[in-house]
Amino acid sequence: MAILDFLFQPKNELEEGGRSALPAQADESEPEKVCPNCHKSIPLSRIWAEQNLCSCGYHFRMNARQRLAITADAGTFAPLFDEVSSSDPLSFPGYRKKLETTQVSSRENEAVICGTARIEGEECCLFIMEPYFMMGSMGSAVGERITRLFEYATERRLPVVGFTVSGGARMQEGLVSLMQMAKTSAAVRRHSDAGLFYLTVLTDPTTGGVTASFAMEGDIILAEPGAVVGFAGARVIEQTTRKALPKGFQTAEFLLDHGFIDAIAPRRTQKKLISQLLSMHREARDNG
Amino acid sequence: MADTAYEKVKAARAAKRPTASDYIRGMLTDFVELHGDRRFADDKAIVAGLARLGGRSITVIGIEKGHSAKERVAHAFGAPNPEGYRKALRLMKQAEKFRRPVLCLVDTSGAFCGIGAEERGQGQAIAECLNELSALKTPVISVIIGEGGSGGALALSLADEVWMLENSIYSVISPEGCASILWKDASKAETAAQYLRLTAQDALELGIIDRIIPEDGLGDDIFFTRLRAVLSGRFQALCAASAEELLERRYARFRSIGAENAQ
């Protein structure tokens, strides 16, 4: 069974949460975390109290519930489509087991949470991807939830705010996962054609099939400082081209320089910026 | 005759297999190649333009791998850069304006993997293709003639009908990539190819594609004549539908994939 053992282990640093990841919950034996930017040790409890930010400004990753707590107005989030679950369309060896263990370790049943919420009073549909669920990979459940959210928002004429974090399409669902890129894109397009506003916030890391679909389809695209955003993985590019990658390659700042995002949105001022953008689009609609 | 999944992978990649240009020459007439994305460059990995399919003017967009080593280098091994997808996008929009049907011939191991591709927004270019194709008010048929490699192939395959050649493959990841993730060993690609269910027969079973094109006489006159007749018939049927009907059906086609968990 040595072959199958691999299926249950993290395959790479992305699946483990990456170099700059925080454990999803407190670990008493390791109460401190070294900031990869300023190299200071910081107690985990303090990081959590500061929106997973280091005093130097470094943005640590955060799970979907933490992000929800700092984004939506207290008590306004109403979840949608939690019942949409993962299937195993290919009967891919080890996948069901992997889903089960991930559901326990992440305390989520899939890699995205969806719902309606208010952000500083502004009503919207909201999705937040979960880095600790198979690195936010998109299988049929993620694709279906996001598609339904856009259909729901189109019907009720609501804007959509989405936080992306993903390693890309979920390999274990094969072509079915690839098709979620097409399905979500089509739903985003219908929402857009109805004159409705879609705002994306790209967080670390947003890559592969999610970058090549709904992450890059926002009317306005924001990104967190330092977030890795790209299509192909940096290591794959390095191995394929045998060239040194430029400094800051595939970071939010790199995308800003190359014209692919509208602005960098630091976490501390994100909520205010999002609510301002939502309100400006609501006013335009109300006045129209 | 390719039997196992990995034999099909090898058949799909074979250098002697007809490429997009062979289909254009064999099946279409009056081809006029159109170049460039009007933004940055002309990507040789995509060969596209106007042509006639029987009596009908169409826009044809093919991912071209080339046969010889020299050709393969010239066409970047059929791995499009963002400017390739933007050329395709430009010609799709042009087809929509003139209500010409679009034929996509897909044959790529994947979108180009490189520093420049990322600098010029590979992800954004593919996303834009998907977004636009989902609302393109003209019939689109995509035929996977060799390799259908992940997002780079899907970018030209959000179509009213998606067909695959009998020995072509369509996959979210290469079997080698899958094997190196699962076992850190690309040589186990044979097993990975089975797991991924990437053959035309698998894709048909999974409801991803609509038709398998038999490869009897692959690349000869009879083969191309037969394929032209099938394409003509389907384009005629699709052209009879209103744009609204077409888009409604295209939306429903992709909407249903992976939706079976609905409660």
Side-chain angles (χ1 to χ4, degrees), chain A residues 3 6-7 11-12 83-87 89-90 92-93 139-141 143-144 147 169-171 173-183 185-190 192-193 207-209 211-217 229-232 236-237 240-241 243 245-246 249-250 254-255 258-260, chain B residues 82 110-115 117-135 148 150-155 157-158 170-173 177-178 181-184 188 191 195-198 202-203 206-209 250-251 253-263:
Chain A
I3 289 173
F6 282 102
L7 299 172
K11 311 303 183 303
N12 52 44
E83 73 282 4
V84 176
S85 58
S86 311
S87 66
L90 310 189
F92 198 97
S140 52
E144 181 67 19
T147 301
R170 190 173 295 169
M171 184 180 76
E173 292 191 29
L175 281 173
V176 176
S177 87
L178 187 69
M179 294 305 130
Q180 304 310 306
M181 293 168 62
K183 183 165 100 179
S185 293
V188 171
R189 179 56 182 251
R190 287 195 159 191
S192 178
D193 284 348
T207 61
T211 300
S213 61
F214 59 85
M216 281 292 169
E217 292 170 349
V229 179
F231 179 63
V236 177
I237 295 172
T240 313
T241 62
K243 280 184 197 152
L245 301 177
F249 185 63
Q250 292 184 324
F254 174 92
L255 267 79
H258 286 90
F260 287 98
Chain B
F112 195 84
C113 177
I115 294 167
E118 296 294 316
E119 286 173 335
R120 299 191 295 278
Q122 189 70 283
Q124 188 276 339
I126 293 171
E128 197 173 358
C129 277
L130 296 175
N131 199 286
E132 289 292 342
L133 272 174
S134 78
S150 198
L154 179 67
S157 307
L158 201 168
Y170 195 10
S171 184
V172 69
I173 187 170
C178 176
I181 291 175
L182 287 183
W183 305 295
K184 306 202 188 311
K188 296 212 169 82
T191 313
Y195 286 6
L196 287 167
R197 302 201 58 193
L198 42 64
D202 289 327
L206 290 166
I208 308 292
I209 62 161
R250 195 183 301 156
Y251 188 83
R253 187 193 181 286
F254 287 90
R255 181 68 190 83
S256 64
I257 301 174
E260 65 278 2
N261 301 310
Q263 287 174 20

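Model, not experiment: these values are computed from the prediction. By convention in this document, chain letters (A, B, ...) are assigned in the order of the sequence lines, proteins followed by strands, and residues within each chain are numbered from 1.
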For the [atom1] atom of [X] and the [atom2] atom of [Y], what is their distance to the nearest 0.5 Å?
X        : Y        : atom1 : atom2 : value
B:Ile126 : A:Met216 : CD1   : CE    : 11.5 Å
A:Met181 : B:Ser157 : CE    : OG    : 10.5 Å
A:Ser213 : B:Leu154 : OG    : CG    : 9.0 Å
A:Glu217 : B:Glu132 : CD    : CD    : 10.0 Å

Contacting moiety of A:Phe254, where chain B heavy atoms sit under 4.5 Å: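 Just the side chain, heavy atoms under 4.5 Å.
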Would you mind telling me which of [options] has the largest number of heavy-atom pairs within less than 4.5 Å of chain B?
options                                : answer
A:Val176, A:Thr241, A:Asp193           : A:Val176
A:Gln250, A:Arg170, A:Lys183, A:Glu173 : A:Lys183
A:Thr147, A:Val236, A:Leu90            : A:Leu90
A:Ala187, A:Ser177, A:Pro89            : A:Ala187

Heavy-atom distance under 4.5 Å to chain A: side chain of [X], backbone, both or neither?
X        : answer
B:Leu196 : both
B:Leu130 : both
B:Ile115 : both
B:Ser171 : backbone

Close side-chain approach of [X] and [Y], heavy atoms under 4.5 Å:
X        : Y        : result
B:Leu206 : A:Met179 : no
A:Phe231 : B:Pro82  : no
B:Gln122 : A:Thr211 : no

Quick check: closest heavy atoms across [X] and [Y], and the distance to 0.1 Å?
X        : Y        : answer
A:Ala169 : B:Val172 : CB-CG2, 3.5 Å
B:Ser134 : A:Ser185 : OG-O, 4.2 Å
A:Pro93  : B:Tyr195 : CG-CZ, 3.3 Å
A:Leu175 : B:Arg197 : CD1-O, 4.2 Å
B:Cys113 : A:Thr240 : SG-OG1, 3.9 Å

Strictly distance-based, threshold 3.5 Å: is any side-chain N or O of B:Glu119 a donor or acceptor partner for the main-chain N or O of A:His258?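 Flag not set: sc B:Glu119 to bb A:His258 has no pair under 3.5 Å.
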Backbone of B:Ile257 reached by a side-chain donor or acceptor of A:Gln180 within 3.5 Å: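 Yes: the side chain of A:Gln180 pairs with the backbone of B:Ile257.
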Pick from B:Leu158, B:Ile208, B:Ile173: which one has the most heavy-atom pairs with chain A under 4.5 Å?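 Looking at each option in turn, the highest pair count goes to B:Ile208.
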Interface residue of largest heavy-atom contact number with chain A, from B:Gly207, B:Gly151, B:Gly114, under 4.5 Å: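 Most heavy-atom pairs within the cutoff with chain A belong to B:Gly114.
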